[in-house]
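Values below: all heavy atoms of this structure, side chains included; hydrogens, waters and symmetry mates excluded.
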Amino acid sequence: MEMNVTHPISPVYDSGSQILILGSFPSVKSREAGFFYGHPQNRFWKVVSAVFDEDVPQTIEEKKAFLLRNHIAVWDVIQSCDIKGSSDASIKNVMANDLNIILKAAEIKAIFVNGKTALKYYQKYTEPLIGRAAICLPSTSPANAAWNMERLIEKWKELKDREKRI
């Protein structure tokens, strides 16, 4: 059943954040867990931990500390939408998040989107407002079976390459 859902998770960032990673909208599992990439099959935490050569954070507190320690801000493009379960394909009636909350508080050097759905909504709703392009990384969703862990980690190393150039 399609329902209108408002994003229930606050963005993670601080004044030291330099990289912004945006998803499209939290899955049902993430909404239930109360934090980003809460589905046990989503590979986000394993991938970014491998990129930054750290242990995979388990609790919400550990995940927040990991992000801030590595100068990463995380949020989603969509603030509210009509959606069936976690189906990106069903998303309609989008209202975008106001990224200025983060952009005014931190010196974000690069904006990345986690997958093509996030890119599509970013380009449609956000990029025209803030005038900054995003770099699309392959989705860490389990639905993105074409990308195995090894390939994902290799591509997501662009986060760290960017950090070195900053």
Ignoring hydrogens and geometry, is there a side-chain-to-backbone donor-acceptor pair from Arg43 to Ser141 under 3.5 Å?
-> yes
Option among Thr140, Asn42, Asn144 that satisfies the side-chain hydrogen bond (donor to acceptor under 3.5 Å, both in side chains) test with Asn114 | Thr140
Do Met3 and Ile91 share a hydrophobic cluster, counting only Ile, Leu, Val, Met, Phe, Trp and Tyr and linking them when any side-chain heavy atoms are less than 4.5 Å apart?
-> yes
Report yes or no: do Ile101 and Leu22 belong to one cluster of Ile/Leu/Val/Met/Phe/Trp/Tyr joined by side chain heavy-atom distances under 4.5 Å?
-> yes
Less than 4.5 Å apart, any side-chain heavy atom of Trp156 and any of Val48?
-> yes
Validation row: Pro26, His7 side chains within 4.5 angstrom (heavy atoms) | yes
Same cluster (ILVMFWY, side-chain, under 4.5 Å), Ile135 and Val74 | yes
Is it true that a side-chain atom of Ser30 and a backbone atom of Gly38 form a donor plus acceptor pair closer than 3.5 Å?
-> yes
Could you tell me whether the side chain of Phe66 reaches within less than 4.5 Å of the side chain of Val56, counting heavy atoms only?
-> no
Do the side chains of Ser17 and Ile108 get nearer than 4.5 Å, heavy atoms only?
-> yes
Qualifying residue for side-chain contact (heavy atoms from CB on, under 4.5 Å) with Phe25, from Asp88, Ile78, Val94 | Ile78
Check the angle between the aromatic planes of Phe35 and Trp45 and answer parallel, tilted or perpendicular using the 30° and 60° thresholds.
-> parallel
Does Met149 CE have over 12 foreign heavy atoms under 6.0 Å away?
-> yes
State plainly whether the residues Glu107 and Lys109 are in salt-bridge range, i.e. N to O under 4.0 Å.
-> yes
Non-hydrogen side-chain atoms of Val28 and Ser86 separated by less than 4.5 Å = yes
Pick one: which of Leu99, Thr126, Ile111 meets side-chain contact (heavy atoms from CB on, under 4.5 Å) with Arg132?
-> Ile111
Taking 4.0 angstrom as the limit, do Lys157 and Glu154 come out as a salt bridge?
-> yes
Return yes if a side-chain donor-acceptor contact under 3.5 Å exists between Asn70 and Glu54, otherwise no.
-> yes
Heavy atoms, side chains only, cut-off 4.5 Å: are Ile72 and Tyr13 in contact?
-> no
Give a yes or no on whether the backbone of Lys84 and the side-chain of Ser87 come within a donor-acceptor separation of less than 3.5 Å.
-> no
Measure the OG1-CD distance between Thr59 and Glu61 for me, rounded to the nearest 0.5 Å.
-> 4.5 Å
Does CG belonging to Asp53 count more than 12 external heavy atoms closer than 6.0 Å?
-> no
Asp76 side chain to Gly23 backbone, donor-acceptor under 3.5 Å = yes
Between the main-chain N or O of Leu103 and the side-chain N or O of Asn100, is there a donor-acceptor pair closer than 3.5 Å?
-> no
Has the side chain of His71 got a donor or acceptor atom that lies under 3.5 Å from a matching backbone atom of Gly16?
-> yes
